[in-house]
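A short write-up of the structure that comes next.
Letters A, B, ... are given to chains in the order of the sequence lines, protein chains preceding strands, and every chain is numbered from 1.
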Protein chains: 2
Amino acid sequence: MGISRKDLKQVIVFQNATDDDLNQIIQNSITRSLEEGEFFFLQGDPANYLYVLVNGQVKLLQTNPSGQQVNLRTIYPRQMFGALGAVREQADYPASAQALENSSALAIKSAFLHEMMETRPYLSFDLMKLMTSYIQEMQSRYRELATERVEQRIARALLRLTVQSGQKVDEGIDLAFSRQDLAEMSGTTLYTVSRVLADWERQGLIRAGREQIHITNPHGVVRIAEGLEK
Amino acid sequence: MGISRKDLKQVIVFQNATDDDLNQIIQNSITRSLEEGEFFFLQGDPANYLYVLVNGQVKLLQTNPSGQQVNLRTIYPRQMFGALGAVREQADYPASAQALENSSALAIKSAFLHEMMETRPYLSFDLMKLMTSYIQEMQSRYRELATERVEQRIARALLRLTVQSGQKVDEGIDLAFSRQDLAEMSGTTLYTVSRVLADWERQGLIRAGREQIHITNPHGVVRIAEGLEK
DNA sequence: CAAGTTATTTGTGCCAGCGCAAAGAAACAA
DNA sequence: TTGTTTCTTTGCGCTGGCACAAATAACTTG
(Lines give C-alpha, C1' and ligand atoms only; values in the text may rest on other atoms or scores of the structure.)
Protein backbone atom coordinates (compact mmCIF):
# COMPACT_ATOMS: atom_id res chain seq x y z
CA MET A 1 0.00 0.00 0.00
CA GLY A 2 1.68 3.14 -1.22
CA ILE A 3 1.13 6.77 -0.55
CA SER A 4 -0.29 9.26 -3.03
CA ARG A 5 0.87 12.72 -3.91
CA LYS A 6 -2.25 14.01 -2.29
CA ASP A 7 -1.41 12.28 0.97
CA LEU A 8 2.10 13.61 0.90
CA LYS A 9 0.88 17.10 0.37
CA GLN A 10 -0.85 16.89 3.75
CA VAL A 11 2.52 16.63 5.41
CA ILE A 12 3.34 20.00 6.86
CA VAL A 13 6.84 20.07 5.49
CA PHE A 14 5.63 19.28 1.98
CA GLN A 15 2.68 21.61 1.89
CA ASN A 16 4.36 23.94 -0.57
CA ALA A 17 5.92 21.26 -2.74
CA THR A 18 5.17 21.11 -6.44
CA ASP A 19 3.64 17.99 -7.96
CA ASP A 20 6.93 17.29 -9.62
CA ASP A 21 8.77 17.52 -6.32
CA LEU A 22 6.31 15.18 -4.71
CA ASN A 23 6.73 12.66 -7.47
CA GLN A 24 10.46 12.77 -7.07
CA ILE A 25 10.14 12.27 -3.35
CA ILE A 26 7.90 9.28 -3.85
CA GLN A 27 10.33 7.84 -6.35
CA ASN A 28 13.17 8.16 -3.89
CA SER A 29 11.47 6.50 -1.04
CA ILE A 30 10.14 3.17 0.06
CA THR A 31 7.40 2.11 2.40
CA ARG A 32 8.36 0.31 5.58
CA SER A 33 5.74 -1.54 7.58
CA LEU A 34 6.47 -2.55 11.14
CA GLU A 35 4.72 -4.58 13.77
CA GLU A 36 3.96 -3.21 17.16
CA GLY A 37 7.09 -2.93 19.24
CA GLU A 38 9.55 -2.91 16.36
CA PHE A 39 11.88 0.00 15.70
CA PHE A 40 12.13 2.18 12.63
CA PHE A 41 15.55 3.15 13.87
CA LEU A 42 17.64 3.09 16.99
CA GLN A 43 19.42 5.90 18.71
CA GLY A 44 22.94 6.04 17.31
CA ASP A 45 22.13 4.48 13.93
CA PRO A 46 23.36 6.49 10.94
CA ALA A 47 20.49 8.74 9.92
CA ASN A 48 20.16 7.64 6.33
CA TYR A 49 16.40 7.93 6.10
CA LEU A 50 13.76 10.26 7.32
CA TYR A 51 10.20 9.07 7.69
CA VAL A 52 6.67 10.19 7.15
CA LEU A 53 4.21 8.12 9.11
CA VAL A 54 1.41 6.79 6.93
CA ASN A 55 -0.56 4.99 9.57
CA GLY A 56 -0.12 3.72 13.07
CA GLN A 57 1.61 5.46 15.91
CA VAL A 58 5.29 5.85 16.68
CA LYS A 59 7.06 6.78 19.87
CA LEU A 60 10.31 8.72 19.87
CA LEU A 61 12.40 7.92 22.87
CA GLN A 62 15.85 8.52 24.16
CA THR A 63 17.85 6.13 26.29
CA ASN A 64 20.71 6.97 28.58
CA PRO A 65 23.80 4.81 29.00
CA SER A 66 22.28 2.97 31.94
CA GLY A 67 19.15 2.09 30.02
CA GLN A 68 16.55 4.42 31.45
CA GLN A 69 14.40 5.97 28.79
CA VAL A 70 12.26 9.02 28.32
CA ASN A 71 9.55 9.74 25.82
CA LEU A 72 10.33 12.65 23.61
CA ARG A 73 7.17 12.67 21.56
CA THR A 74 4.57 10.52 19.90
CA ILE A 75 4.21 10.65 16.13
CA TYR A 76 0.86 10.46 14.37
CA PRO A 77 0.05 9.87 10.69
CA ARG A 78 1.28 12.56 8.27
CA GLN A 79 3.96 13.67 10.68
CA MET A 80 7.61 13.53 9.82
CA PHE A 81 10.23 12.00 12.07
CA GLY A 82 13.93 11.27 11.97
CA ALA A 83 14.52 14.41 9.94
CA LEU A 84 17.56 15.64 11.81
CA GLY A 85 19.74 13.49 9.62
CA ALA A 86 18.65 15.29 6.49
CA VAL A 87 20.34 18.42 7.66
CA ARG A 88 23.76 17.25 8.73
CA GLU A 89 25.55 14.72 6.65
CA GLN A 90 26.79 11.70 8.46
CA ALA A 91 24.56 12.33 11.41
CA ASP A 92 23.28 9.66 13.74
CA TYR A 93 19.73 9.52 15.04
CA PRO A 94 19.67 11.12 18.47
CA ALA A 95 16.67 9.03 19.51
CA SER A 96 14.94 5.74 18.76
CA ALA A 97 11.60 5.39 16.99
CA GLN A 98 9.39 2.53 18.09
CA ALA A 99 6.04 1.52 16.64
CA LEU A 100 3.35 1.65 19.31
CA GLU A 101 1.04 -0.32 17.05
CA ASN A 102 1.38 -1.83 13.61
CA SER A 103 2.58 1.09 11.55
CA SER A 104 3.83 1.93 8.12
CA ALA A 105 5.90 4.88 7.06
CA LEU A 106 7.40 6.32 3.97
CA ALA A 107 11.18 6.19 4.22
CA ILE A 108 12.87 8.97 2.27
CA LYS A 109 16.59 8.98 1.70
CA SER A 110 18.12 11.70 3.85
CA ALA A 111 20.69 12.48 1.20
CA PHE A 112 17.96 12.94 -1.36
CA LEU A 113 16.00 15.44 0.69
CA HIS A 114 19.25 17.12 1.56
CA GLU A 115 19.91 17.60 -2.11
CA MET A 116 16.41 18.84 -2.84
CA MET A 117 16.66 21.40 -0.10
CA GLU A 118 19.73 22.91 -1.65
CA THR A 119 17.67 24.07 -4.58
CA ARG A 120 14.24 24.48 -3.01
CA PRO A 121 14.13 27.13 -0.32
CA TYR A 122 10.50 26.50 0.56
CA LEU A 123 11.42 23.04 1.72
CA SER A 124 14.11 24.08 4.18
CA PHE A 125 11.81 26.79 5.21
CA ASP A 126 8.93 24.53 6.11
CA LEU A 127 11.26 22.12 7.80
CA MET A 128 12.60 24.98 9.88
CA LYS A 129 9.15 25.84 11.05
CA LEU A 130 8.76 22.31 12.23
CA MET A 131 12.08 22.50 14.01
CA THR A 132 11.24 25.71 15.79
CA SER A 133 8.09 24.12 17.12
CA TYR A 134 10.15 21.21 18.42
CA ILE A 135 12.61 23.51 20.07
CA GLN A 136 9.88 25.44 21.76
CA GLU A 137 8.13 22.35 22.93
CA MET A 138 11.31 20.86 24.33
CA GLN A 139 12.14 24.10 26.07
CA SER A 140 8.74 24.21 27.69
CA ARG A 141 8.90 20.62 28.75
CA TYR A 142 12.34 21.17 30.16
CA ARG A 143 11.10 24.12 32.15
CA GLU A 144 8.11 22.17 33.39
CA LEU A 145 10.25 19.29 34.48
CA ALA A 146 12.61 21.62 36.29
CA THR A 147 10.04 23.71 38.07
CA GLU A 148 6.75 21.88 38.34
CA ARG A 149 5.64 19.09 40.55
CA VAL A 150 4.56 15.67 39.44
CA GLU A 151 0.80 16.18 39.53
CA GLN A 152 1.08 19.19 37.33
CA ARG A 153 3.34 17.45 34.85
CA ILE A 154 1.05 14.46 34.56
CA ALA A 155 -1.89 16.78 33.97
CA ARG A 156 0.07 18.51 31.23
CA ALA A 157 1.00 15.22 29.63
CA LEU A 158 -2.67 14.27 29.55
CA LEU A 159 -3.60 17.56 27.95
CA ARG A 160 -0.85 17.26 25.37
CA LEU A 161 -2.15 13.84 24.46
CA THR A 162 -5.65 15.18 24.29
CA VAL A 163 -4.62 17.76 21.74
CA GLN A 164 -2.60 15.28 19.73
CA SER A 165 -4.84 12.29 19.66
CA GLY A 166 -7.83 12.38 21.94
CA GLN A 167 -11.18 12.15 20.34
CA LYS A 168 -13.57 14.62 21.84
CA VAL A 169 -16.55 12.93 23.33
CA ASP A 170 -19.60 14.71 24.58
CA GLU A 171 -18.94 14.05 28.21
CA GLY A 172 -15.18 13.97 28.18
CA ILE A 173 -12.11 12.71 26.41
CA ASP A 174 -10.81 9.19 25.91
CA LEU A 175 -7.13 8.37 25.85
CA ALA A 176 -5.43 5.03 25.43
CA PHE A 177 -2.14 5.05 27.29
CA SER A 178 -0.65 2.94 30.03
CA ARG A 179 0.61 4.27 33.33
CA GLN A 180 4.09 3.47 32.09
CA ASP A 181 3.59 5.64 29.01
CA LEU A 182 2.36 8.52 31.09
CA ALA A 183 5.27 8.10 33.45
CA GLU A 184 7.77 8.32 30.63
CA MET A 185 6.03 11.35 29.21
CA SER A 186 6.02 13.24 32.45
CA GLY A 187 9.37 12.17 33.81
CA THR A 188 8.24 10.09 36.76
CA THR A 189 7.51 6.46 37.60
CA LEU A 190 4.49 4.34 36.87
CA TYR A 191 3.90 3.97 40.61
CA THR A 192 3.47 7.64 41.07
CA VAL A 193 1.27 7.95 38.00
CA SER A 194 -0.91 5.18 39.31
CA ARG A 195 -1.35 6.92 42.65
CA VAL A 196 -2.07 10.28 41.11
CA LEU A 197 -4.64 8.87 38.73
CA ALA A 198 -6.32 6.96 41.54
CA ASP A 199 -6.49 10.20 43.44
CA TRP A 200 -8.04 12.05 40.54
CA GLU A 201 -10.53 9.28 40.07
CA ARG A 202 -11.60 9.72 43.68
CA GLN A 203 -12.07 13.39 43.01
CA GLY A 204 -14.18 12.58 39.98
CA LEU A 205 -11.87 14.20 37.46
CA ILE A 206 -11.30 11.06 35.46
CA ARG A 207 -12.24 7.46 35.12
CA ALA A 208 -9.26 5.18 34.67
CA GLY A 209 -9.01 1.68 33.28
CA ARG A 210 -6.36 -0.61 31.96
CA GLU A 211 -4.43 1.34 29.37
CA GLN A 212 -7.09 3.94 29.12
CA ILE A 213 -8.13 7.12 30.74
CA HIS A 214 -11.41 8.90 30.37
CA ILE A 215 -11.29 12.53 31.33
CA THR A 216 -14.70 13.38 32.72
CA ASN A 217 -13.78 16.85 33.89
CA PRO A 218 -11.31 18.36 31.46
CA HIS A 219 -11.54 21.73 33.10
CA GLY A 220 -10.38 20.31 36.40
CA VAL A 221 -7.37 18.74 34.74
CA VAL A 222 -6.56 22.05 33.12
CA ARG A 223 -6.65 23.71 36.52
CA ILE A 224 -4.13 21.22 37.83
CA ALA A 225 -1.91 21.63 34.78
CA GLU A 226 -1.92 25.38 35.28
CA GLY A 227 -0.92 24.95 38.87
CA LEU A 228 -4.09 26.57 40.14
CA GLU A 229 -4.94 23.66 42.39
CA LYS A 230 -2.52 22.77 45.11
CA MET B 1 31.51 50.19 17.55
CA GLY B 2 30.28 48.31 14.51
CA ILE B 3 30.89 44.87 13.22
CA SER B 4 32.83 44.02 10.10
CA ARG B 5 32.00 41.63 7.32
CA LYS B 6 34.87 39.53 8.48
CA ASP B 7 33.41 39.26 11.97
CA LEU B 8 30.02 38.36 10.63
CA LYS B 9 31.49 35.63 8.52
CA GLN B 10 32.62 33.93 11.71
CA VAL B 11 29.01 33.42 12.68
CA ILE B 12 28.13 29.85 11.93
CA VAL B 13 24.90 30.70 10.19
CA PHE B 14 26.64 33.18 7.91
CA GLN B 15 29.67 31.10 7.07
CA ASN B 16 28.52 30.56 3.51
CA ALA B 17 27.24 34.05 2.89
CA THR B 18 28.57 36.13 0.02
CA ASP B 19 30.17 39.49 0.69
CA ASP B 20 27.17 41.13 -0.85
CA ASP B 21 24.83 39.26 1.45
CA LEU B 22 26.88 40.25 4.45
CA ASN B 23 26.80 43.88 3.44
CA GLN B 24 23.07 43.76 3.11
CA ILE B 25 22.75 42.18 6.50
CA ILE B 26 24.90 44.86 8.06
CA GLN B 27 22.85 47.53 6.38
CA ASN B 28 19.67 46.10 7.75
CA SER B 29 20.80 45.87 11.30
CA ILE B 30 21.74 48.03 14.23
CA THR B 31 24.02 47.51 17.18
CA ARG B 32 22.47 47.37 20.61
CA SER B 33 24.62 47.72 23.69
CA LEU B 34 23.27 46.71 27.06
CA GLU B 35 24.49 46.92 30.61
CA GLU B 36 24.73 43.90 32.80
CA GLY B 37 21.32 42.72 33.85
CA GLU B 38 19.36 44.37 31.07
CA PHE B 39 17.32 42.40 28.58
CA PHE B 40 17.67 42.20 24.83
CA PHE B 41 14.13 40.90 24.78
CA LEU B 42 11.57 39.38 27.06
CA GLN B 43 9.66 36.19 26.69
CA GLY B 44 6.44 37.01 24.88
CA ASP B 45 7.72 40.08 23.05
CA PRO B 46 7.11 40.05 19.30
CA ALA B 47 10.20 38.56 17.71
CA ASN B 48 11.06 41.40 15.37
CA TYR B 49 14.81 41.08 15.64
CA LEU B 50 17.33 38.33 15.84
CA TYR B 51 20.70 38.97 17.36
CA VAL B 52 24.34 38.11 16.88
CA LEU B 53 26.34 38.69 20.01
CA VAL B 54 29.39 40.84 19.38
CA ASN B 55 30.82 40.85 22.86
CA GLY B 56 29.76 40.05 26.37
CA GLN B 57 27.65 37.15 27.50
CA VAL B 58 23.91 36.60 27.33
CA LYS B 59 21.67 34.20 29.20
CA LEU B 60 18.57 32.74 27.60
CA LEU B 61 15.99 31.92 30.21
CA GLN B 62 12.39 30.89 30.41
CA THR B 63 9.98 31.86 33.14
CA ASN B 64 6.85 30.06 34.14
CA PRO B 65 3.62 31.80 35.16
CA SER B 66 4.58 31.69 38.82
CA GLY B 67 7.91 33.35 38.19
CA GLN B 68 10.37 30.50 38.54
CA GLN B 69 12.99 30.51 35.85
CA VAL B 70 15.29 28.06 34.16
CA ASN B 71 18.41 28.66 32.13
CA LEU B 72 18.12 27.41 28.61
CA ARG B 73 21.58 28.33 27.42
CA THR B 74 24.32 30.91 27.60
CA ILE B 75 25.31 32.79 24.47
CA TYR B 76 28.88 33.74 23.67
CA PRO B 77 30.26 36.15 21.06
CA ARG B 78 29.57 35.24 17.43
CA GLN B 79 26.59 33.16 18.39
CA MET B 80 23.11 33.92 17.17
CA PHE B 81 20.10 34.14 19.42
CA GLY B 82 16.43 35.01 19.11
CA ALA B 83 16.33 33.48 15.66
CA LEU B 84 13.08 31.59 16.06
CA GLY B 85 11.19 34.69 15.02
CA ALA B 86 12.89 34.78 11.65
CA VAL B 87 11.18 31.59 10.66
CA ARG B 88 7.59 32.17 11.64
CA GLU B 89 6.06 35.51 10.95
CA GLN B 90 4.39 37.16 13.86
CA ALA B 91 6.10 34.93 16.34
CA ASP B 92 6.86 35.87 19.93
CA TYR B 93 10.13 35.11 21.65
CA PRO B 94 9.69 31.92 23.65
CA ALA B 95 12.38 32.98 26.13
CA SER B 96 14.06 36.07 27.55
CA ALA B 97 17.62 37.15 26.82
CA GLN B 98 19.49 38.86 29.61
CA ALA B 99 22.99 40.32 29.49
CA LEU B 100 25.19 38.64 32.06
CA GLU B 101 27.76 41.39 31.64
CA ASN B 102 27.92 44.53 29.54
CA SER B 103 27.22 43.23 26.07
CA SER B 104 26.60 44.41 22.58
CA ALA B 105 24.86 42.61 19.79
CA LEU B 106 23.95 43.12 16.20
CA ALA B 107 20.19 43.29 15.86
CA ILE B 108 18.99 42.08 12.49
CA LYS B 109 15.39 42.56 11.41
CA SER B 110 13.68 39.20 11.47
CA ALA B 111 11.61 40.08 8.45
CA PHE B 112 14.75 40.93 6.53
CA LEU B 113 16.45 37.63 7.19
CA HIS B 114 13.20 35.90 6.49
CA GLU B 115 13.17 37.50 3.07
CA MET B 116 16.80 36.66 2.40
CA MET B 117 16.22 33.06 3.26
CA GLU B 118 13.53 32.76 0.66
CA THR B 119 16.08 33.25 -2.05
CA ARG B 120 19.23 31.89 -0.41
CA PRO B 121 19.02 28.21 0.43
CA TYR B 122 22.42 28.08 2.10
CA LEU B 123 21.14 30.44 4.76
CA SER B 124 18.15 28.39 5.82
CA PHE B 125 20.36 25.42 5.59
CA ASP B 126 22.95 26.70 8.00
CA LEU B 127 20.28 27.95 10.31
CA MET B 128 18.75 24.49 10.28
CA LYS B 129 22.00 22.96 11.36
CA LEU B 130 22.02 25.31 14.29
CA MET B 131 18.47 24.34 15.12
CA THR B 132 19.15 20.65 15.01
CA SER B 133 21.95 21.12 17.48
CA TYR B 134 19.59 22.99 19.78
CA ILE B 135 16.98 20.28 19.51
CA GLN B 136 19.48 17.61 20.32
CA GLU B 137 20.86 19.51 23.23
CA MET B 138 17.44 20.17 24.68
CA GLN B 139 16.48 16.55 24.23
CA SER B 140 19.56 15.42 26.08
CA ARG B 141 19.06 17.88 28.85
CA TYR B 142 15.46 16.84 29.16
CA ARG B 143 16.48 13.22 29.43
CA GLU B 144 19.11 14.05 31.97
CA LEU B 145 16.71 16.01 34.08
CA ALA B 146 14.19 13.20 33.96
CA THR B 147 16.52 10.34 34.72
CA GLU B 148 19.65 11.54 36.45
CA ARG B 149 20.26 12.66 39.96
CA VAL B 150 21.39 16.06 41.04
CA GLU B 151 25.10 15.37 41.43
CA GLN B 152 25.30 14.02 37.95
CA ARG B 153 23.42 16.92 36.44
CA ILE B 154 25.60 19.47 38.15
CA ALA B 155 28.68 17.67 36.89
CA ARG B 156 27.28 17.75 33.37
CA ALA B 157 26.50 21.43 33.66
CA LEU B 158 30.09 22.07 34.67
CA LEU B 159 31.39 20.10 31.75
CA ARG B 160 29.09 21.87 29.32
CA LEU B 161 30.39 25.17 30.59
CA THR B 162 33.93 23.93 30.29
CA VAL B 163 33.43 23.21 26.63
CA GLN B 164 31.68 26.48 25.95
CA SER B 165 33.77 28.93 27.84
CA GLY B 166 36.36 27.48 30.17
CA GLN B 167 39.91 28.32 29.50
CA LYS B 168 42.09 25.30 29.80
CA VAL B 169 44.72 25.76 32.42
CA ASP B 170 47.59 23.43 32.97
CA GLU B 171 46.34 22.06 36.21
CA GLY B 172 42.63 22.39 35.64
CA ILE B 173 39.83 24.56 34.38
CA ASP B 174 38.50 27.87 35.63
CA LEU B 175 34.86 28.80 35.44
CA ALA B 176 33.12 31.95 36.60
CA PHE B 177 29.58 31.12 37.61
CA SER B 178 27.54 31.54 40.74
CA ARG B 179 25.83 28.72 42.60
CA GLN B 180 22.56 30.21 41.46
CA ASP B 181 23.63 29.99 37.82
CA LEU B 182 24.64 26.39 38.20
CA ALA B 183 21.35 25.63 39.92
CA GLU B 184 19.35 27.09 37.06
CA MET B 185 21.43 25.19 34.56
CA SER B 186 20.98 21.87 36.24
CA GLY B 187 17.43 22.24 37.42
CA THR B 188 18.00 22.37 41.15
CA THR B 189 18.44 24.93 43.92
CA LEU B 190 21.46 26.97 44.90
CA TYR B 191 21.48 25.26 48.30
CA THR B 192 21.93 21.88 46.79
CA VAL B 193 24.60 23.15 44.42
CA SER B 194 26.44 24.67 47.32
CA ARG B 195 26.38 21.43 49.26
CA VAL B 196 27.48 19.35 46.31
CA LEU B 197 30.36 21.66 45.48
CA ALA B 198 31.48 21.70 49.10
CA ASP B 199 31.46 17.94 48.98
CA TRP B 200 33.52 17.81 45.82
CA GLU B 201 35.95 20.27 47.31
CA ARG B 202 36.45 17.94 50.25
CA GLN B 203 37.14 15.14 47.79
CA GLY B 204 39.68 17.33 46.03
CA LEU B 205 37.88 17.42 42.71
CA ILE B 206 37.50 21.18 42.63
CA ARG B 207 38.34 24.36 44.43
CA ALA B 208 35.39 26.68 44.80
CA GLY B 209 35.24 30.38 45.48
CA ARG B 210 32.77 33.17 45.21
CA GLU B 211 31.38 33.00 41.68
CA GLN B 212 34.14 30.81 40.52
CA ILE B 213 35.01 27.19 40.31
CA HIS B 214 38.37 25.70 39.57
CA ILE B 215 38.23 22.12 38.42
CA THR B 216 41.40 20.46 39.65
CA ASN B 217 40.43 16.96 38.65
CA PRO B 218 38.44 17.10 35.41
CA HIS B 219 38.55 13.38 35.05
CA GLY B 220 36.81 12.91 38.38
CA VAL B 221 34.05 15.28 37.35
CA VAL B 222 33.62 13.38 34.12
CA ARG B 223 33.22 10.19 36.08
CA ILE B 224 30.42 11.72 38.09
CA ALA B 225 28.74 13.11 34.99
CA GLU B 226 28.81 9.67 33.42
CA GLY B 227 27.24 8.21 36.49
CA LEU B 228 30.20 5.98 37.19
CA GLU B 229 30.58 7.19 40.74
CA LYS B 230 27.72 6.62 43.07
C1' DC C 1 -12.34 -22.15 31.34
C1' DA C 2 -7.84 -22.68 33.20
C1' DA C 3 -3.34 -21.12 32.88
C1' DG C 4 -0.27 -17.72 31.67
C1' DT C 5 0.91 -13.00 30.70
C1' DT C 6 0.76 -8.21 31.29
C1' DA C 7 -0.97 -4.07 33.54
C1' DT C 8 -2.29 -1.89 37.74
C1' DT C 9 -2.82 -0.93 42.60
C1' DT C 10 -1.32 -0.39 47.09
C1' DG C 11 1.42 -0.76 51.51
C1' DT C 12 5.71 0.25 53.54
C1' DG C 13 10.07 2.15 54.34
C1' DC C 14 13.28 5.39 53.20
C1' DC C 15 16.14 9.21 51.59
C1' DA C 16 17.49 12.80 48.28
C1' DG C 17 16.76 17.10 47.82
C1' DC C 18 13.90 21.22 48.92
C1' DG C 19 12.88 25.35 51.68
C1' DC C 20 13.71 28.34 55.34
C1' DA C 21 16.52 30.89 58.23
C1' DA C 22 20.50 32.61 59.95
C1' DA C 23 25.27 33.34 59.92
C1' DG C 24 29.61 33.94 57.48
C1' DA C 25 32.57 35.71 53.67
C1' DA C 26 33.81 38.43 49.84
C1' DA C 27 33.27 42.47 47.05
C1' DC C 28 32.11 47.14 46.61
C1' DA C 29 31.19 51.87 47.89
C1' DA C 30 32.07 56.07 49.93
C1' DT D 1 37.28 52.05 57.81
C1' DT D 2 32.63 50.87 58.11
C1' DG D 3 28.51 49.92 56.17
C1' DT D 4 25.95 47.67 52.37
C1' DT D 5 25.17 44.39 49.08
C1' DT D 6 25.66 40.09 47.16
C1' DC D 7 27.01 35.44 47.34
C1' DT D 8 27.74 31.31 49.95
C1' DT D 9 27.48 27.97 53.63
C1' DT D 10 25.21 25.20 56.88
C1' DG D 11 21.82 23.31 60.22
C1' DC D 12 17.38 21.47 60.48
C1' DG D 13 12.99 19.73 59.50
C1' DC D 14 10.07 17.97 56.21
C1' DT D 15 8.05 15.55 52.36
C1' DG D 16 7.51 14.19 47.57
C1' DG D 17 8.28 10.63 45.22
C1' DC D 18 11.18 6.41 44.59
C1' DA D 19 11.99 1.36 45.21
C1' DC D 20 10.54 -3.01 46.23
C1' DA D 21 7.25 -6.47 46.93
C1' DA D 22 3.06 -8.54 46.82
C1' DA D 23 -1.69 -8.67 45.66
C1' DT D 24 -5.26 -7.84 42.13
C1' DA D 25 -7.26 -7.36 37.95
C1' DA D 26 -7.74 -7.66 33.05
C1' DC D 27 -6.59 -9.65 28.86
C1' DT D 28 -4.89 -13.61 25.87
C1' DT D 29 -4.37 -18.21 24.42
C1' DG D 30 -5.13 -22.83 23.77
Nearest 0.5 Å, what's the OH-OH distance between Tyr93(B) and Tyr49(B)?
-> 9.0 Å
For atom CZ of Arg153(A) and atom P of dC18(D), their distance in whole Å = 8 Å
Whole Å only: how far is the CZ atom of Arg207(B) from the P atom of dT9(D)?
-> 15 Å
Verify whether one side chain among Asn55(B) and Ser104(B) offers a donor that lies under 3.5 Å from an acceptor in the other.
-> yes
Phosphate contact (dA7(C) OP1 or OP2) by Arg179(A) side-chain N/O below 4.0 Å = no
Roughly how many Å is it from CD in Glu211(B) to C1' in dC28(C), rounded to a whole number?
-> 13 Å
Separation of Ile213(B) atom CD1 from dT9(D) atom P, in whole Å?
-> 9 Å
The side chain of Thr189(B) lies closest to which of these nucleotides: dG17(D), dT10(C), dG19(C)?
-> dG19(C)
Of the candidate nucleotides dT10(D), dC18(D), dA21(D), which contains the atom at the shortest distance from the side chain of Thr192(A)?
-> dC18(D)
Mind calculating the distance between CD (Glu148(B)) and P (dG17(C)) to the nearest angstrom?
-> 12 Å
Please report, rounded to the nearest Å, how far the P atom of dT8(C) is from the CD atom of Glu201(A).
-> 13 Å
Taken to the nearest whole Å, CZ/Arg195(A) to P/dG13(C) is 13 Å
Electrostatic pair Glu137(A):Arg73(A) at N-O distance under 4.0 angstrom | yes
Does a side-chain N or O from Ser194(A) land closer than 4.0 Å to OP1 or OP2 of dT8(C), or not?
-> no
Atom CZ of Arg149(B) and atom P of dC14(C) are separated, to the nearest Å, by 17 Å
Want to settle it: does Tyr191(A) or Val150(A) sit nearer the 5' end of DNA chain D, counting the closest nucleotide to each?
-> Val150(A)
Below 4.0 angstrom, N of the basic side chain to O of the carboxylate: do Arg160(A) and Glu144(A) qualify?
-> yes
